[in-house]
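Numbers here are sequence positions counted from 1. As a basis for the values below, the full set of heavy atoms in this structure was taken, side chains included, without hydrogen atoms, waters or symmetry mates. These figures come from a predicted structure and were not determined experimentally.
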Amino acid sequence: MLPIIALGLLVRENMARILVNRKKVEFDPNTFLATIGEGRRIVAILKRKKIFTQGEPADAVFYVQKGKVRLTVVSHTGKEATIGIVSEGNFFGEGALAGQLVRMGSAVALTDCQLLRIEKKSMQAALHREHAFSDMFVAYLLARNIRYEADLVDQLFNSTEKRLARILLMLAHFGKEGVPETVVPKISQETLAEMIGSTRSRVSFFMNRFRTLGFIHYNGGLQVHSSLLNVVLHD
């Protein structure tokens with residue numbers, strides 16, 4: 001039964017990505033920045049620099065034009081967990097539109113980034129005025145919701161090995177057009193462990209196993225092969 005669940009979730013995630021990509025063609029961030037008016041600006045963030053911190057005012061939404069961003073949350077006891085990594089063509093910080101007064105998590109640049117910062121009021125105005133933009137953003141939110149659902153099912157039903165395989169495939173943009181890209185440069189095993197709810201030692205064990213089986217290899221960064229999907233679908 002689990003392979004069917006896993007396959008169904010991957011199909012739904014890929015369909016959501018296709019919908020987002022179709023809508024994305026209608027939205028040029030540079031045109032959006034130039035035509036809507038005040039409240040939008042391009043910001044350059046260097047690698048490892050904070051974009052916003054948990055507890056700060058939630059006053060803007062960000063769109064990733066270049067680079068990769070790591071999203072984290074810290075518990076009351078000080079334990080930090082990675083809840084996602086976003087790359088080109090994705091939004092983050094959209095909780096500001098849902099009534100959040102302060103940031104529920106932090107965002108840090110994993111690579112040098114170029115971001116479009118959209119103030120909350122300007123974002124709300126754009127969603128009302130620009131129908132193509134509104135459609136694209138709704139499609140993005142649906143895709144994000146499906147991702148959260150898939151993450152929950154993954155945590156409830158799948159083994160550490162399957163969870164690790166799935167997150168690697170997602171980081172490699174499996175299912176998108178073109179060849180898989182290099183996974184986030186120098187992503188640590190500690191970060192992977194946080195993302196799948198496991199330990200570094202277990203991640204290390206399965207990473208070595210995946211490399212031995214030819215599912216991944218290192219060549220200027222971690223490369224993920226589509227054959228890794230067999231781990232997700234295997235019962």
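In this structure, Asp112 CG and Lys66 NZ are separated by 11.0 Å, a value rounded to the nearest 0.5 Å. Once rounded to the nearest 0.5 Å, the distance linking CZ of Arg200 with CE of Met207 reads 10.5 Å. How far CG of Leu229 is from CG of Leu168: 12.5 Å, rounded to the nearest 0.5 Å. The structure places CZ of Arg129 at 11.5 Å from CD of Gln124, a figure rounded to the nearest 0.5 Å. Atom OG1 of residue Thr199 and atom CZ of residue Phe205 lie 11.5 Å apart, to the nearest 0.5 angstrom. In this structure, CG on Leu222 lies 8.5 Å from NE2 on His217, to the nearest 0.5 angstrom.
You'll find the side chain of Phe133 reaches within 4.5 Å of the side chain of Met123, heavy atoms only. Using a 4.5 Å heavy-atom cutoff, the side chains of Phe137 and Leu97 are in contact. Ile42 is listed as a side-chain neighbour of Gln65, based on a closest heavy-atom distance under 4.5 Å. Residues Val69 and Leu110 form no side-chain contact, since every pair of their non-hydrogen atoms from C-beta on lies 4.5 Å or further apart. Using a 4.5 Å heavy-atom cutoff, the side chains of Leu115 and Ile45 are in contact. Under the 4.5 Å side-chain criterion, counting only non-hydrogen atoms from C-beta, Leu71 is in contact with Phe92.
Without hydrogens or angle criteria, Asn208 side chain to Ser204 main chain gives a donor-acceptor distance under 3.5 Å. Between the Thr53 side chain and the Ser106 main chain, no donor and acceptor come within less than 3.5 Å of each other. For Asp135 (side chain) and Ala132 (main-chain N/O), no donor-acceptor pair under 3.5 Å exists by modelled atom type. A donor-acceptor contact shorter than 3.5 Å is absent between the side chain of Ser198 and the backbone of Arg202. Judged by distance alone, the side chain of Arg144 and the main-chain N or O of Phe91 form a donor-acceptor pair under 3.5 Å. In this structure, the side chain of Arg211 does not engage the main chain of Ile216 through any donor-acceptor pair within 3.5 Å. Put simply, the side chain of Glu88 gets close to the backbone of Gly67: a donor and an acceptor are under 3.5 Å apart. For Asn230 (side chain) and Ser227 (main-chain N/O), a donor-acceptor pair under 3.5 Å exists by modelled atom type.
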Item to check | Test log, rule side-chain contact (heavy atoms from CB on, under 4.5 Å), inputs Ile85 and Leu171 | outcome: CA-CA 8 Å; Ile85 293 176; Leu171 289 172; 4.0 Å; yes
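Looking at Glu161 and Arg209, a side-chain N of the basic residue comes within less than 4.0 Å of a carboxylate O on the acidic one, giving a salt bridge. Ion pairing between Arg103 and Glu56 fails under the 4.0 Å rule for side-chain N and carboxylate O. Salt bridge status for Arg117 with Asp59: present, with a side-chain N to carboxylate O gap under 4.0 Å.
For Thr82, the side-chain contact (heavy atoms from CB on, under 4.5 Å) criterion is met by Arg70, Thr72, Thr191, Glu194, Met195, not counting sequence neighbours. Taking Thr212 as the reference, nothing meets the side-chain contact (heavy atoms from CB on, under 4.5 Å) condition, with sequence neighbours excluded.
Counting heavy-atom neighbours within 6.0 Å of Leu46 CG, excluding the residue itself, gives a total above 12.
If you check the side chains of Arg40 and Ser122, you find a donor sitting under 3.5 Å from an acceptor.
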